[in-house]
Asker: 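What follows is a structure written as structure tokens; I'll ask about it next.
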Amino acid sequence: MATRIMIVYDSENGHTEHLARSIAEGARLDHTEVLLKHVNEADVNELVNVDAIIWGCPGHFGTISSGLKSWIDKLGYLWAQGKLVDKIGAVFCTTATVHGGLESTLLNLITPMLHQGMIIVGLPASIAENALYGSYYGVGVTCPVETDPNGPPNLPKDDDLALGRSLGKRVAEMAGRYRSAERE
């Protein structure tokens, strides 16, 4: 049976969605099924049937976007039943400015996972791109505000997407290991 990973994201202008797609790409290993869903399409009850959960959003003043926060707030029943205990969890975000609250947003995204009893997976310094400019809490990237509304969006750069793929791969590997250990 395949390891199942659900990636849930909020994205307003495509920046966070672009990063979410790179995470999904990295998570697609052999024997891994990846469900990639915008918060408007995701049902919290689907989380019961996955091995790992990765969620992310644009950072709004150093915290979770209202779209993802509203979705997370629906997890109360799952929390009361302990349905997410011991699932692997990871987080990601985008901000529009340097020092725009990346790490505080990542920490705010991790907090509900800890309340659920999830096992948090971040990115270690052994991942070259992360050691240079990443975060140990998850993937956080800056996509500067577009100054020309008719111009192309400032989507995550190649190094940012490499971090996304690294996070997806790491979560898939850890979820697969954990799943194998549970069966023993």
Side-chain angles (χ1 to χ4, degrees), residues 5-29 32-44 46-47 50 52-74 89-113 120-123 125 127-172:
I5 299 172
M6 187 165 175
I7 302 169
V8 178
Y9 67 93
D10 187 16
S11 187
E12 296 154 358
N13 297 306
H15 305 96
T16 310
E17 179 179 3
H18 206 68
L19 182 57
R21 290 187 183 285
S22 74
I23 294 167
E25 182 183 330
R28 287 193 179 100
L29 304 176
T32 303
E33 178 186 354
V34 178
L35 308 165
L36 177 65
K37 298 192 177 207
H38 187 276
V39 290
N40 294 339
E41 304 165 341
D43 178 350
V44 295
E46 291 178 274
L47 299 177
V50 300
I53 303 158
I54 306 172
W55 60 48
C57 65
H60 287 187
F61 309 106
T63 194
I64 305 170
S65 70
S66 63
L68 185 61
K69 179 66 170 83
S70 176
W71 185 83
I72 289 170
D73 286 345
K74 296 174 187 172
V91 298
F92 63 100
C93 73
T94 59
T95 61
T97 59
V98 174
H99 307 298
L102 284 173
E103 288 195 338
S104 62
T105 301
L106 292 171
L107 290 169
N108 280 306
L109 287 165
I110 289 171
T111 301
M113 289 183 166
I120 308 303
V121 172
L123 285 177
I127 296 171
E129 297 87 0
N130 199 50
L132 292 174
Y133 69 96
S135 171
Y136 303 111
Y137 311 120
V139 175
V141 301
T142 301
C143 302
V145 173
E146 288 82 6
T147 55
D148 178 1
N150 299 316
N154 291 324
L155 295 174
K157 301 197 178 350
D158 289 341
D159 285 343
D160 301 327
L161 299 176
L163 282 172
R165 287 187 296 275
S166 293
L167 181 66
K169 180 180 179 190
R170 182 163 162 74
V171 168

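Numbering starts at 1 and runs along the sequence shown.
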Asker: I'd like to check Cys57 versus Leu109 (side-chain heavy atoms, cut-off strictly below 4.5 Å). Are they in contact?
Answerer: yes
Asker: Do Leu161 and Leu163 touch side chain to side chain, with heavy atoms closer than 4.5 Å?
Answerer: no
Asker: Taking Thr111 for the side chain and Leu107 for the main chain, is one N or O donor matched with an acceptor at less than 3.5 Å?
Answerer: yes
Asker: For Leu19, does its backbone N or O pair with a side-chain atom of Ser22 as donor and acceptor, under 3.5 Å?
Answerer: yes
Asker: Could you pull out the closest heavy-atom pair between Thr95 and Gly101, with the gap in Å?
Answerer: CG2-C, 4.3 Å
Asker: Please list, chain by chain and in numerical order, all residues satisfying ring-ring contact (aromatic ring centres under 6.0 Å, His included) with His38, sequence neighbours excluded.
Answerer: Tyr9
Asker: So, for Ala172 and Leu29, which heavy atoms are closest and what is the spacing to 0.1 Å?
Answerer: CB-CD1, 3.5 Å
Asker: When you measure from the side chain of Asn13 to the backbone N and O of His15, does any donor-acceptor pair fall under 3.5 Å?
Answerer: no
Asker: How many angstroms lie between CH2 in Trp71 and NZ in Lys37, if you round to the nearest 0.5 Å?
Answerer: 10.0 Å
Asker: CD1 of Ile72 to OG of Ser65: how many Å apart, nearest 0.5 Å?
Answerer: 8.0 Å
Asker: How close do Glu103 and Ser135 get, heavy atom to heavy atom, and via which atoms?
Answerer: OE2-OG, 3.4 Å
Asker: Please identify each residue that fulfils ring-ring contact (aromatic ring centres under 6.0 Å, His included) with Phe92, with sequence neighbours left out.
Answerer: none
Asker: Side chains of Glu17 and Arg21: does their closest heavy-atom pair fall under 4.5 Å?
Answerer: yes
Asker: Identify, with sequence neighbours excluded, every residue that meets salt bridge (charged side-chain N to carboxylate O under 4.0 Å, His left out) alongside Glu25.
Answerer: none
Asker: Show the numbers, then the answer: is there a side chain to side chain contact (heavy atoms under 4.5 Å, CB included) between Met6 and Val8?
Answerer: CA-CA 6 Å; Met6 187 165 175; Val8 178; 3.8 Å; yes
Asker: If you measure from CD1 on Ile5 to CG on Leu35, what distance do you get to the nearest 0.5 Å?
Answerer: 9.5 Å
Asker: Of all the heavy-atom pairs spanning Val50 and Ile53, show the shortest one and how long it is.
Answerer: CG2-CG1, 3.8 Å
Asker: Are Arg28 and Glu33 close enough, and set up right, to give a salt bridge (Lys or Arg N to Asp or Glu O under 4.0 Å), and what steps lead you there?
Answerer: CA-CA 7 Å; Arg28 287 193 179 100; Glu33 178 186 354; over 6 Å; no
Asker: Give a yes or no on whether the backbone of Gly62 and the side-chain of Ser104 come within a donor-acceptor separation of less than 3.5 Å.
Answerer: yes
Asker: Give, for atom CG of Asp160 and atom CG of Leu155, the distance between the pair rounded to the nearest 0.5 Å.
Answerer: 10.5 Å
Asker: What closest approach, in Å, do Ala90 and Val121 show between heavy atoms, and which atom pair accounts for it?
Answerer: CB-O, 3.5 Å
Asker: Just how far is it from atom OG of Ser166 to atom CD1 of Ile23, taken to the nearest 0.5 Å?
Answerer: 10.5 Å
Asker: Hey, what do you get for CD (Glu12) to CG (Asp10), rounding to the nearest 0.5 Å?
Answerer: 5.5 Å
Asker: For side chain to side chain contact (heavy atoms under 4.5 Å, CB included), just list the numbers for Ile54 and Val91, CA-CA rounded to whole Å, side-chain angles, deciding distance to a tenth of an Å, and then say yes or no.
Answerer: CA-CA 5 Å; Ile54 306 172; Val91 298; over 6 Å; no
Asker: Taking all heavy atoms of Lys69 and all of Ile64, pick out the closest pair and write down the distance.
Answerer: N-CG2, 3.6 Å
Asker: Does some side-chain heavy atom of Tyr137 sit less than 4.5 Å from a side-chain heavy atom of Ile110?
Answerer: yes
Asker: Among Leu102, Val141, Asn154, Thr105, find the one that has a side chain to side chain contact (heavy atoms under 4.5 Å, CB included) with Thr94.
Answerer: Val141
